[in-house]
Amino acid sequence: MLSLNCTHQQHPSSELFLPNGFTAKVFVDSLVTGVRHLSVSDNGIVYAKLKRPSPQGSVVMLMDQNKDGKADSISMMGHHGEQQRGNYSTASHIYNGYLYFSSQLKVYRQKLDSVTQLPIGDIETVLIDDHPHRSHEHIAKPLAFDDSGNMYVPFGAPSNNCQSPKRTPLKSGEDPCIELIDHGGIWKFDANQLNQTQESGQLFASGLRSIVALDWNPENKKLYAVMHGRDDLKRLWPDRYSSWQSALLPSEEFLEIQQGDHFGWPYCYYDQLIHKKVLAPEYGGDGEKVDRCSHYNNPIIGFPGHWAPNDLVFYNNHDFPSYYHGGAFVAFHGSTNRAPYSQSGYFVGFIPFENGEPTEEYDLFADGFAGVSPIVNASDALYRPMGIAFSNDGKMYIGDTNQGRIWQIEYTGNRHSYSPKDRKKMKDRFALAHIRTPDMNHDILHEGLELAGKQKFNLYCATCHQPNAQGDGNRFPTLVGTDWVTGDKKRLVKIILQGMEGPIEVNGKTFNGIMPPNEFLSDQDVAEILTYLRTHFGNQASPITSDEVYNIRHDLHSEL
């Protein structure tokens with residue numbers, strides 16, 4: 001374990017909005033590379049899984065030794081140079097005397113001393129992803145544990161919707177989708193067995209595109225998750241979906257999951273606007289047709305699209321008012337692809353349970369992370385909530401991926417007099433631009449798009465790279481001030497036409513994602529988009545003509 005330099009600077013707009021009686025303070029600020037999931041030991045040690053491993057390790061241990069509400073002891077554990085891809089390292093979970101944590105390819109654990117709750121002994125490998133060379137879009141490995149010694153691990157789908165090539169407009173999906181054989185589901189493993197592979201486990205449930213928010217409810221003994229819905233309805237199917245529909249759909253689904261369940265991915269998605277699971281366009285859907293989707297499980301709640309549910313934690317303590325006991329908190333990391341409407345999410349919600357079963361409503365519990373509303377670009381958000389954990393002494397912790405901040409939240413009011421009026425100010429915040437359902441016409445943020453290149457950039461590119469071309473600082477790189485944009489024209493056109501996959505470095509930062517091929521764009525489309533990109537946002541490079549695109553496309557076809 002090595003010490004870690006960490007600042008306690010106070011950023012502007014750091015106030016959180018909470019129900020009456022709750023207070024928040026900054027427990028720690030600016031942890032390197034940002035925070036993913038959290039857990040808290042019985043004696044109050046906060047274990048934070050970093051978004052990317054540092055040279056010292058991948059898990060930060062935080063202690064408040066003088067009990068002033070701020071971390072005063074900060075050290076590291078975990079593998080040095082742990083293998084992972086991108087920014088999706090996740091999972092921090094204390095179970096049966098061990099701290100379990102994961103990279104994108106492995107699940108590890110380390111024994112905690114029964115008295116000090118500090119890690120002792122060697123780090124052990126519990127699960128090895130036996131498909132390390134397969135390209136993954138959704139490779140995070142959150143964890144949940146039941147009361148019988150089982151560990152639940154999602155294996156996310158390697159594509160958006162089982163298309164090949166991926167994310168290709170007007171392209172049908174594979175039927176049957178062979179990705180469902182070993183991905184797009186949750187597998188159950190023995191939590192105490194080491195060096196398991198996926199074949200060691202049992203498929204528990206299928207039809208689940210991407211899950212990062214996962215937890216076991218110890219009261220009703222059931223597994224729950226909030227699934228990330230698919231993307232790009234408008235970009236991939238412009239003849240069937242409007243920008244407004246694409247911003248709101250599909251739903252992020254809150255699910256009760258039992259053995260053998262199938263939730264319909266990739267064939268179907270849930271539309272919370274009409275309260276139906278409908279056929280995906282890759283399989284003949286038009287936004288209304290149900291067809292085979294009537295055979296799949298429905299969610300309990302359909303949250304609006306692209307809110308990015310990244311943690312789900314059940315609350316079973318009694319320090320908060322009784323209204324919260326047995327309910328589930330959800331961290332919505334926030335959207336990146338809602339243009340031309342405000343990005344949405346960026347808050348922590350709460351799902352009440354009654355008599356051990358979930359209601360079909362949800363509350364806004366903590367807001368103000370982004371610091372702005374509307375949120376035009378994901379990079380405008382100051383903080384993005386990700387991890388949630390609770391301590392035995394009544395404290396709630398919420399971690400952020402942007403600045404590496406962790407908040408400590410306590411209830412200091414009268415638990416016995418807590419009432420709906422104490423939550424009213426939070427209900428009023430549902431009217432804000434980053435949460436409400438946008439008006440189709442009046443809430444467009446980019447009206448009067450004059451240039452054809454700007455219009456097409458916002459349609460085809462801004463969903464990932466953002467309307468300001470700055471990327472989201474996480475999955476999608478900036479297009480500003482980089483030689484990838486202002487440099488070699490042929491290379492740039494080839495990326496648009498052929499797509500790109502694998503690690504690249506942009507302005508000193510490594511990204512490892514997938515840029516889908518856009519060969520369907522006409523030569524004029526490509527020229528207009530790239531000319532706009534090379535001559536705006538502070539970029540100063542020569543235009544690209546449709547003739548140049550034609551020649552490059554022709555050369556590429558000749559090489560085949």
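Between Y418 and F22, the ring planes lie perpendicular to each other; the angle is over 60°, past the 30° to 60° tilted range.
Enclosure of atom CD in E288 is not indicated, since only 12 or fewer non-hydrogen atoms of other residues, nucleotides or ligands lie within 6.0 angstrom. Other residues, nucleotides and ligands place no more than 12 heavy atoms under 6.0 Å from the CD atom of E360.
Between Y411 and Y324, the distance separating the two ring centers is not shorter than 6.0 angstrom. Proximity of the aromatic rings of H138 and H228 is defined here by a centroid distance below 6.0 angstrom, and this criterion is not met. The aromatic ring centres of W187 and F155 sit less than 6.0 Å apart. Close placement of the Y315 and F320 rings is indicated, their centers lying within 6.0 Å of each other.
A side-chain contact (heavy atoms from CB on, under 4.5 Å) with M386 is found for exactly one of V212, I398, D311, namely V212. In summary, of the residues considered (L99, V46, L38), a side-chain contact (heavy atoms from CB on, under 4.5 Å) with S92 occurs for L99 alone. Under the ring pair (Phe, Tyr, Trp, His ring centres under 6.0 Å) rule, Y397 has a single partner from W407, F390, F27, Y47, which is F27.
Residues passing the ring-ring contact (aromatic ring centres under 6.0 Å, His included) test with Y241, sequence neighbours excluded: none. In this structure F145 satisfies the ring-ring contact (aromatic ring centres under 6.0 Å, His included) test together with H93, Y95, Y100, sequence neighbours excluded.
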Assess whether ring pair (Phe, Tyr, Trp, His ring centres under 6.0 Å) is satisfied between F369 and F347, documenting all intermediate values. CA-CA 7 Å; F369 297 94; F347 68 87; 8.9 Å; no
Step by step, work out the ring pair (Phe, Tyr, Trp, His ring centres under 6.0 Å) result for F353 and F314. CA-CA 10 Å; F353 273 52; F314 281 93; 5.3 Å; yes
From CA spacing to verdict: ring pair (Phe, Tyr, Trp, His ring centres under 6.0 Å), F365, F329: CA-CA 8 Å; F365 177 76; F329 288 89; 5.0 Å; yes
What do the steps show when you test Y383 against Y346 for ring pair (Phe, Tyr, Trp, His ring centres under 6.0 Å), and what is the final call? CA-CA 8 Å; Y383 302 103; Y346 304 84; over 10 Å; no
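A donor-acceptor pair under 3.5 Å is absent between the side-chain atoms of Q408 and the main chain of K70, judged by distance alone.
Using a 4.5 Å heavy-atom threshold, the side chains of T336 and Q466 count as touching. Put simply, the side chain of I186 reaches to within 4.5 Å of the side chain of L214, judged on heavy atoms. Contact check for N377 versus Q343: no side-chain heavy atoms found under the 4.5 Å cut-off. With a 4.5 Å cut-off on side-chain heavy atoms, P309 and F303 do not count as touching. Annotation: side chain of L364 is not in contact with side chain of K427 (no heavy-atom distance under 4.5 Å). Residues K221 and D147 are in side-chain contact: their nearest non-hydrogen atoms beyond the backbone lie under 4.5 Å apart.
The line from CG of L112 to CZ of R109 is 11.0 Å long, rounded to the nearest 0.5 Å. The distance from the CD atom of Q117 to the CE atom of M63 is 11.5 Å, given to the nearest 0.5 Å.
For the pair R429 and F17, the cation sits on the ring face: its NZ or CZ lies under 6.0 Å from the ring centre, inside 45° of the axis. Geometrically, K106 does not engage F101 in a cation-pi contact defined by less than 6.0 Å to the ring centre and at most 45° from the axis. Stacking of R423 on the aromatic ring of Y323 is recorded, both the 6.0 Å distance cut-off and the 45° axial limit being met.
Contact check on D129 versus K141 returns a salt bridge, with a Lys/Arg side-chain nitrogen under 4.0 Å from an Asp/Glu carboxylate oxygen. A salt bridge links R209 with D231; the closest basic N to acidic carboxylate O contact falls under 4.0 Å. Under the 4.0 Å criterion applied to side-chain N and carboxylate O atoms, R167 and D232 are assigned as salt-bridge partners. A salt bridge between D271 and K277 is absent, with no side-chain N of the basic residue lying under 4.0 Å from a carboxylate O of the acidic one.
Between the side chains of H183 and Q198, not a single donor N or O lies within less than 3.5 Å of an accepting N or O. D146 and Y152 share a donor-acceptor pair across their side chains, judged by distance under 3.5 Å alone. In summary, the side chains of W307 and S335 do not present any donor paired with an acceptor at a separation below 3.5 Å, with no hydrogens or angles considered. Inspection of the H37 and N310 side chains reveals no N or O donor paired with an N or O acceptor under 3.5 Å. For the residue pair N43 and S41, a side-chain donor N or O sits within less than 3.5 Å of a side-chain acceptor on the partner.
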